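First the structure, in the form of structure tokens, and then the observations on it.
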Amino acid sequence: MANNTGKAVWNGGLKDGKGTVSTQSGTLDARYSFGTRFEDDVTGTNPEELIGAAHAGCFSMFLAALLEGAGKPATSVSTDAKITLSKDDTGPFISKIALTTEAEVPGITNEELQEFAQKAKEGCPISRALGAVKEITLQATLKNA
């Protein structure tokens with residue numbers, strides 16, 4: 001199996017510092033800061049946004065693979081992952097991830113989509129890696145049903 005690398009560099013203190021995150025492939029090279037993570041500064045990214053993108057991408061691919069394996073290939077799968085950052089006495093933590101997916105799958109019922117989507121939510125590698133997140137919800141919609 002593949003080994004992939006992400007890298008982060010942070011310079012300065014928490015609130016006045018700035019950092020960059022990048023990927024081994026060079027596809028991502030982005031800035032992040034306290035403001036992009038905890039305030040309304042939109043001139044960069046943050047770790048939670050990246051987890052959301054990774055989770056949405058992983059879930060979409062896994063759902064497509066499950067459908068294809070069952071002989072019902074998807075035309076498209078589009079997923080959003082909304083990450084909720086909360087705080088307790090030990091600090092900030094991800095308390096919830098809400099997956100919302102829309103799949104266009106010819107010849108499948110909504111009930112079948114729900115079953116495949118649940119399996120994808122439980123089985124995709126990012127879902128499995130995020131096992132400490134207390135709540136991961138799923139809303140799946142069959143497009144053009």
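The structure presented is a predicted model; accordingly, all values stated were derived computationally and were not measured. Just so you know, residue 1 is the first one in the sequence shown, and it goes up from there.
Among pairs with a residue in residues 105-133, those fulfilling salt bridge (Lys or Arg N to Asp or Glu O under 4.0 Å) read Lys72-Glu112, at least two apart in sequence or across chains.
To the nearest 0.5 Å, atom CG of residue Asp80 and atom OG1 of residue Thr101 are 8.5 Å apart. Here the OG1 atom belonging to Thr23 is positioned 12.0 Å from the NZ atom belonging to Lys7, to the nearest 0.5 angstrom. Here the straight-line distance linking atom CG of Leu28 with atom OG1 of Thr20 works out to 9.5 Å at 0.5 Å rounding. To the nearest 0.5 Å, the span separating CD on Glu102 from CG on Leu142 amounts to 9.0 Å. Separation of atoms NZ (Lys96) and CD (Glu135) is listed at 4.5 Å; rounding is to 0.5 Å. For the atom pair NZ of Lys82 and CD1 of Ile97, the computed distance is 13.0 Å after rounding to the nearest 0.5 Å.
Tracing side-chain contacts under 4.5 Å through hydrophobic residues (I, L, V, M, F, W, Y), one never reaches Val21 starting from Leu85; they form parts of separate clusters. With hydrophobic clusters built from ILVMFWY side chains whose heavy atoms lie under 4.5 angstrom apart, Ile94 does not share a cluster with Tyr32. Residues Phe93 and Ile136 do not share a hydrophobic cluster, defined by chaining ILVMFWY side chains whose heavy atoms lie under 4.5 Å apart.
For Gln118, the CD atom is densely surrounded, since the number of other residues' heavy atoms within 6.0 Å is greater than 12.
Scanning both residues, Pro73 and Val105, for their nearest heavy atoms gives O-CG1, 3.9 Å. Contact between Ser33 and Gly17 at its shortest, heavy atoms only, is CB-O, 4.1 Å. Listed here is the closest heavy atom pair of Leu66 and Ala120: CD1-N, 3.6 Å. The two residues Gly44 and Glu49 have their closest heavy-atom pair at O-OE1, 4.2 Å.
Partners of Glu68 according to the salt bridge (Lys or Arg N to Asp or Glu O under 4.0 Å) rule, which considers only residues two or more places apart in sequence or in another chain, do not exist here. Residues that satisfy the side-chain contact (heavy atoms from CB on, under 4.5 Å) test with Asn3, not counting sequence neighbours, are absent from this structure. Residues meeting the side-chain contact (heavy atoms from CB on, under 4.5 Å) test with Thr90, sequence neighbours left out: Asp88. Thr84 is linked by a side chain to side chain donor-acceptor pair (under 3.5 Å) to nothing, counting only residues two or more places apart in sequence or in another chain.
In this structure a side-chain-to-backbone donor-acceptor pair under 3.5 Å is present from Gln114 to Ala140. A donor-acceptor pair under 3.5 Å is absent between the side-chain atoms of Thr5 and the main chain of Gln24, judged by distance alone. Between the side chain of Asn46 and the backbone N or O of Thr36, at least one donor-acceptor pair lies under 3.5 Å.
Here the side chains of Phe116 and Ile108 are in contact, with some heavy-atom distance below 4.5 Å.
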Donor-acceptor contacts under 3.5 Å from residues 50-65 side chains, at least two apart:
{"unit_1": "His55", "atom_1": "NE2", "unit_2": "Ser127", "atom_2": "OG", "d": "2.7"}
{"unit_1": "Ser60", "atom_1": "OG", "unit_2": "Ala56", "atom_2": "O", "d": "3.0"}
{"unit_1": "Ser60", "atom_1": "OG", "unit_2": "Thr79", "atom_2": "OG1", "d": "2.7"}

